[in-house]
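A quick write-up on the structure given underneath.
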Amino acid sequence: MSDISFVGRILNQQFISDLPKNADVCGENGEFHTFVFDGPIFKNLIAFQIGKKELKTYPSEKEDMWDSSFGIVKFIKV
């Protein structure tokens, strides 16, 4: 996936709907990585701001897999 618009988004139904058709919606093939900042077991949410977004692309090892691009978000602690 070589679309930086996915970087830093909240994982919700719209995110899942926007994924390419060949993406595993669970991200089990490395399609995306997550950062959990709030949830029922948290005493407090983790405050953060999304910093600079970067898109890095690496050659794909398999033709049937989508490319090995990924975005990096540099989080800023607040």
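Every heavy atom of this structure was used, including side-chain atoms; hydrogens, water molecules and symmetry mates were not.
Each of L11, I46, I50 was evaluated against F35; a single residue qualifies, I46, per the side chain to side chain contact (heavy atoms under 4.5 Å, CB included) test.
Criterion: ILVMFWY side-chain heavy atoms under 4.5 Å apart, direct or through other members. Under it, F42 and L45 are not part of a common hydrophobic cluster. In the hydrophobic cluster analysis, where Ile, Leu, Val, Met, Phe, Trp and Tyr join through side-chain heavy atoms closer than 4.5 angstrom, V36 is grouped together with I41.
Distance CG/N12 to OG/S17: 8.5 Å, rounded to 0.5 Å. In this structure, CD in Q14 is found 10.5 Å from CG in L19, a value given to the nearest 0.5 Å.
Proximity of F15 to I10: side-chain heavy atoms (C-beta onward) are nowhere separated by under 4.5 Å.
For the residue pair K53 and V7, the shortest heavy atom distance occurs at NZ-O, 3.1 Å.
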